[in-house]
Each structure stands twice: as structure tokens, then as C-alpha cells.
Amino acid sequence: MNTLFLVVVVVQVLAALAIIGLVLLQHGKGADMGAAFGSGASGSLFGATGSSNFLSKSTAVAAGIFFVATLGLTFIGNHHVAQSGGVMDNLQAPAAPAQQAAPAAPAAPADAAKPADQLNQIPK
């Protein structure tokens with residue numbers, strides 16, 4: 001489980017870095033604005049806002065991978081595996097001492113164990 005979490009985090013970080021790099025490499029819409037009004041040649045056949053190129057398609061793929069990795073991390077983070085308990089639950093109990101045949105002292109009566117002020121109270 002821990003290895004899967006680490007792999008998904010690495011994929012998410014790589015997708016995020018790819019998105020950052022691809023966005024910084026692309027031309028902005030404002031860069032070809034003059035070409036849209038006829039004052040220059042644009043870089044594509046369809047004009048400044050024409051078809052998408054390799055960089056924009058790659059950015060969309062990286063964004064999809066980032067989105068799927070984020071959903072995967074959410075699922076892994078919320079998926080709780082039933083655990084047996086803590087570290088102390090795995091320890092073995094110490095050997096019990098041998099039982100004595102006769103008790104050391106006779107048992108006291110039930111009234112002797114109560115304090116004197118509780119003996120004379122009326123039950124409610």
C-alpha cells in the first residue's frame with residue numbers, strides 16, 4: 001500500500017512538472033493577435049485561434065494524467081485497511097505464576113468491606 005502511494009505521488013509530480021513546462025513553451029493568444037487582424041502571418045493554417053498543435057495536446061494529456069493521479073491519491077488516502085491493532089498487541093503474554101491451592105486469608109464478609117456511614121443509610 002505504501003509503495004502504491006509513492007508511485008502515484010511520483011506520477012502526479014511528474015505530470016505537474018510536465019504541465020508547467022508545456023504551458024511555458026506555448027505561445028499565448030495575445031502573441032498572435034496581430035496576425036488575426038491581418039497584420040502578419042500566423043504560425044498555423046487556421047489563424048491565431050486555429051487547430052491545436054502538439055504542445056497543447058500534450059498539455060491536455062498531462063492534465064488528464066494529473067487528474068487521474070489526484071483521484072487515485074484520494075482513493076488511496078480514504079481507503080482504510082482493517083489493522084489488527086498496535087505494536088503492543090503483537091507481544092506474547094508472560095507466563096502466569098502457578099496457582100496456590102488455598103487462599104492466604106479468609107474472605108471478609110460483604111458488610112465488613114463497606115464504610116460505617118454506608119451501613120445505616122436507607123435505600124431509595
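Side chains included, hydrogens not; waters and symmetry mates left out as well; all remaining heavy atoms used. Small disclaimer: the values here were computed from a predicted structure and weren't measured.
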(request) Rounded to the nearest 0.5 Å, what's the gap from CG on L22 to CG on L17? Could you check? (result) 11.0 Å
(message) Has N53 got a side-chain atom pairing as donor or acceptor with S56's backbone, closer than 3.5 angstrom?
(response) yes
(request) Provide the full list of side chain to side chain donor-acceptor pair (under 3.5 Å) pairs with a residue in residues 5-25, sequence neighbours left out, each pair given once. (result) Q12-T70
(message) Looking at every non-hydrogen atom in both residues, tell me the closest pair between V11 and A69 and how far apart they are.
(response) CG1-CB, 4.4 Å
(message) Under 4.5 Å side-chain heavy-atom separation, chaining through any Ile, Leu, Val, Met, Phe, Trp or Tyr, what else clusters with F66? Say none if it is isolated.
(response) I19, V23
Check: residues 57-64 side-chain donor-acceptor pairs under 3.5 Å, at least two apart:
unit_1: S58; atom_1: OG; unit_2: F54; atom_2: O; d: 2.8
unit_1: T59; atom_1: OG1; unit_2: Q26; atom_2: NE2; d: 2.7
unit_1: T59; atom_1: OG1; unit_2: L55; atom_2: O; d: 2.7

(request) Please determine which of L14, V13, V8 meets the side chain to side chain contact (heavy atoms under 4.5 Å, CB included) test together with V10. (result) L14
